[in-house]
> 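I'd like to ask some things about the structure below.
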Amino acid sequence: MRLLRLWPDESHFDFMRLRRFSFPLSAFISVATVVLFLQVGLNFGIDFKGGTLVELRPKAGVTADVGAVRHTANDFGFGETEVQELGQGSISVRFPLQAGGETGQTLVMQKAHAAFDKDYAFDRVETVGPRVSGELVQSGTIGVVLSVVAVLLYLWFRFERELALGAIVGTLHDIVITVGLFVITRIEFNMTSIAAILTIVGYSLNETVVVFDRTRELMRRYKTMPTEELLNLSINSTMSRTVMTALSTALSLLALVLFGGEAIKGFSVVMLAGVVICTYSAIFVSTPFLIYIGLQAGGTRSQARDPSSLKQAAE
């Protein structure tokens, strides 16, 4: 019985040739992300902004009316209220943080129940005060920064200087693009989003380490092979594993996106996009970057091509 092959074992695709397109594209997206982040910012969830979040589900025989709910909620006089339609007819209503502490939030719920109890059931109610939200912002920021620093230190000691720099650039690229995804799509950024970013950092690290381990192995074996040829060989020889890992992970995440419900949908969508971002980064950002910083095999870079080297390495 023949095994399923998603990528041919002996492929010789010239990935490095595409760096002339991938690098400008990645640079443009990264700069645009930074600009949008500074101008637009993230859509912070209740975890970070504080306030009261209510999810309403229409009762039997009632049709959800987002416009009517928005009009009623804004008439409460609690400031600008965010109202969004969720799946299966449910409606999310987010009231801003009110003065007066717990008393202010209690007043919000009293008016909400009085206005919506007749037609809607309250599926979910979350209230976060200013002190808690401030602590969550601080803890989340510190956690992300420390985790990223730890990963970068690991990469620095895990590889030689050039390989470490390439892995660091790829990891930072993936973080920036992921944040850009939150900015563009306006997916709510909350504590679950922090978990998604840290998971993507781990996945990015895994993809890069696999390719760079093969690169280091080939550098020791073929000391006169041209750099571009050696990097192409590294990617081609690990591509079968990369495709299988990315596809199996993506299928699992797709199931979560489709059937996981609204509570984890944002996390699942970001993770699904993160698999694509990390796979792209390992092939078209981290590895080609080694060419620009002067990676050398065996201390010298040969300009002569050896047509038999690819075939010999594949064997």
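What you see below is based on every heavy atom in this structure, not just the backbone, and it leaves out hydrogens, waters and symmetry mates.
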> Do you know which two heavy atoms are closest between Gly266 and Ile187, and how far apart they sit?
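Distance-wise, the nearest heavy atoms are CA-CG2, 4.0 Å.
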
> Give me the atom names and distance for the closest heavy-atom approach of Leu253 to Ser268.
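Minimum heavy-atom contact is O-CB, 4.2 Å.
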
> Are side-chain heavy atoms of Met225 and Leu218 found at a separation under 4.5 Å?
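In short, these two side chains do not touch, never coming nearer than 4.5 Å.
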
> Check whether any side-chain heavy atom of Thr192 lies under 4.5 Å from a side-chain heavy atom of Ile264, and answer yes or no.
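Counting from C-beta outward, Thr192 and Ile264 never come under 4.5 Å.
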
> What pairs with Thr287 under side chain to side chain donor-acceptor pair (under 3.5 Å), at least two apart in sequence or on another chain?
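Thr287: no side chain to side chain donor-acceptor pair (under 3.5 Å) contacts found.
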
> In chain order, what residues pass the ring-ring contact (aromatic ring centres under 6.0 Å, His included) check against Phe182, with sequence neighbours excluded?
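Phe182 satisfies ring-ring contact (aromatic ring centres under 6.0 Å, His included) with Phe189 only.
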
> What pair of heavy atoms forms the shortest contact from Val54 to Met109, and how long is it?
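Smallest interatomic distance, heavy atoms only, reads CG2-SD, 3.9 Å.
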
> I'd like to know whether CZ of Arg186 has more than 12 heavy-atom contacts from other residues, nucleotides or ligands below 6.0 angstrom.
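More than 12 heavy atoms, drawn from other residues, nucleotides or ligands, come within 6.0 Å of this atom.
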
> When rounded to the nearest 0.5 angstrom, what distance separates CG in Leu230 from CE in Met219?
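If we round to the nearest 0.5 Å, Leu230:CG and Met219:CE are 7.0 Å apart.
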
> Side chain of Ser204, backbone of Ile200: donor and acceptor closer than 3.5 Å?
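Checking the backbone N and O of Ile200 against the side chain of Ser204, no donor-acceptor pair under 3.5 Å is found.
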
> With sequence neighbours left out, write down each residue that passes salt bridge (Lys or Arg N to Asp or Glu O under 4.0 Å) with Arg214, or none if nothing qualifies.
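Salt bridge (Lys or Arg N to Asp or Glu O under 4.0 Å) check on Arg214 returns Glu217.
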
> Keeping the roles fixed (side chain from Arg124, backbone from Glu55), state whether a donor-acceptor pair exists under 3.5 Å.
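No, because the side chain of Arg124 does not come within donor-acceptor range (under 3.5 Å) of the backbone of Glu55.
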
> Could you check whether any side-chain N or O of Asn206 sits under 3.5 Å from a backbone N or O of Gly202, counting only pairs where one atom can act as donor and the other as acceptor?
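No, because the side chain of Asn206 does not come within donor-acceptor range (under 3.5 Å) of the backbone of Gly202.
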
> Closest heavy-atom contact between Leu290 and Gly166?
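Taking every non-hydrogen atom into account, CD2-CA, 4.2 Å.
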
> Main chain of Thr242, side chain of Thr245: is a donor-acceptor contact present, judged purely on distance under 3.5 Å?
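It does not hold such a pair.
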
> From Ser237 OG over to His12 NE2, what is the distance, rounded to the nearest 0.5 angstrom?
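Taking OG in Ser237 and NE2 in His12, the distance rounds to 11.0 Å.
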
> Would you mind reporting whether Phe13 and Met239 have side-chain heavy atoms less than 4.5 Å apart?
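A side-chain contact is absent here, since even the closest heavy-atom pair is not under 4.5 Å.
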
> Is there side-chain contact between Pro58 and Thr63, with at least one heavy-atom pair below 4.5 Å?
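They are not in side-chain contact.
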
> Identify, with sequence neighbours excluded, every residue that meets side chain to side chain contact (heavy atoms under 4.5 Å, CB included) alongside Arg20.
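If we apply the side chain to side chain contact (heavy atoms under 4.5 Å, CB included) test to Arg20, skipping adjacent residues, the hits are Arg17.
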
> Heavy-atom count check: over 12 atoms from other residues, nucleotides or ligands less than 6.0 Å from Phe23 CZ?
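Above 12, so yes.
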
> Is it the case that one hydrophobic cluster holds both Ile29 and Val179, taking links as side-chain heavy atoms less than 4.5 Å apart, direct or via other members?
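Shared cluster, yes.
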
> How does the hydrophobic cluster around Val31 look, that is, which other residues are in it when side-chain heavy atoms under 4.5 Å mark a link?
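Members besides Val31, by chain and number: Val35.
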
> Under the ring-ring contact (aromatic ring centres under 6.0 Å, His included) test, which residues partner His113, sequence neighbours left out?
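Counting only residues at least two positions away or on another chain, His113 forms a ring-ring contact (aromatic ring centres under 6.0 Å, His included) with Phe122.
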
> To the nearest 0.5 Å, what is the distance between CZ (Phe289) and CD (Glu162)?
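Going from the CZ atom of Phe289 to the CD atom of Glu162 covers 10.0 Å.
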
> Looking only at heavy atoms, which two atoms of Val257 and Val269 are closest? And how far apart?
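Here Val257 and Val269 meet closest at CG2-N, 3.8 Å.
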
> In the hydrophobic clustering that connects Ile, Leu, Val, Met, Phe, Trp and Tyr at side-chain heavy-atom distances below 4.5 Å, which members other than Val210 occupy its cluster, ordered by chain and number?
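So far as hydrophobic clustering goes, Val210 is joined with none.
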
> Could you work out, with ring-ring contact (aromatic ring centres under 6.0 Å, His included) as the rule, every residue matching Phe212, not counting sequence neighbours?
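Once residues adjacent in sequence are excluded, the partners of Phe212 under the ring-ring contact (aromatic ring centres under 6.0 Å, His included) criterion are Phe159.
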
> Using the rule that Ile, Leu, Val, Met, Phe, Trp and Tyr join whenever any side-chain heavy atoms are under 4.5 Å apart, tell me whether Val176 and Leu38 fall into a single cluster.
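No, it is not one cluster - the side chains of Val176 and Leu38 are not joined through contacts under 4.5 Å.
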
> Other hydrophobic cluster members with Val149, side-chain heavy atoms of Ile/Leu/Val/Met/Phe/Trp/Tyr under 4.5 Å, chained?
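Listed partners: Val145, Leu153.
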
> Going by the rule salt bridge (Lys or Arg N to Asp or Glu O under 4.0 Å), which residues pair with Asp213 if we only count those two or more places apart in sequence or in a different chain?
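Only Arg158, Arg216 meet the salt bridge (Lys or Arg N to Asp or Glu O under 4.0 Å) criterion with Asp213.
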
> For residues Ala73 and Phe95, report the shortest heavy-atom separation together with the two atoms involved.
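What the structure gives for the nearest pair is CB-CE2, 4.0 Å.
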
> How far does OG of Ser286 sit from CG of Leu231, to the nearest 0.5 angstrom?
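Result: 11.5 Å between the selected atoms.
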
> Please output the side-chain donor-acceptor pairs of residues 270-281 that fall under 3.5 Å, not counting sequence neighbours, one pair per line with the distance.
residue, atom, partner, partner atom, Å
Thr279, OG1, Val275, O, 2.8
Tyr280, OH, Ser22, O, 3.2
Tyr280, OH, Ser26, OG, 2.7
Ser281, OG, Gly170, O, 3.4
Ser281, OG, Asp174, OD1, 3.1

> Given 3.5 Å as the limit, does a donor-acceptor pair link the side chain of Ser193 with the main chain of Glu188, or not?
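Looks like yes, one N/O pair under 3.5 Å.
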
> For the NE2 atom of His173 and the OG1 atom of Thr33, what is their distance to the nearest 0.5 Å?
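Reported value, rounded in 0.5 Å steps: 8.5 Å.
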
> Could you measure the distance from the OG atom of Ser147 to the CD1 atom of Ile142? Nearest 0.5 Å is fine.
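Ser147 atom OG to Ile142 atom CD1 measures 11.5 Å (nearest 0.5 Å).
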
> Please answer whether the main-chain N or O of Met16 pairs with a side-chain N or O of Asn232 as donor and acceptor at a distance below 3.5 Å.
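Answer holds: yes.
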
> Among all residues two or more places apart in sequence or in another chain, which pass the side chain to side chain donor-acceptor pair (under 3.5 Å) test with Thr52?
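Side chain to side chain donor-acceptor pair (under 3.5 Å) list for Thr52, sorted by chain: Gln105.
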
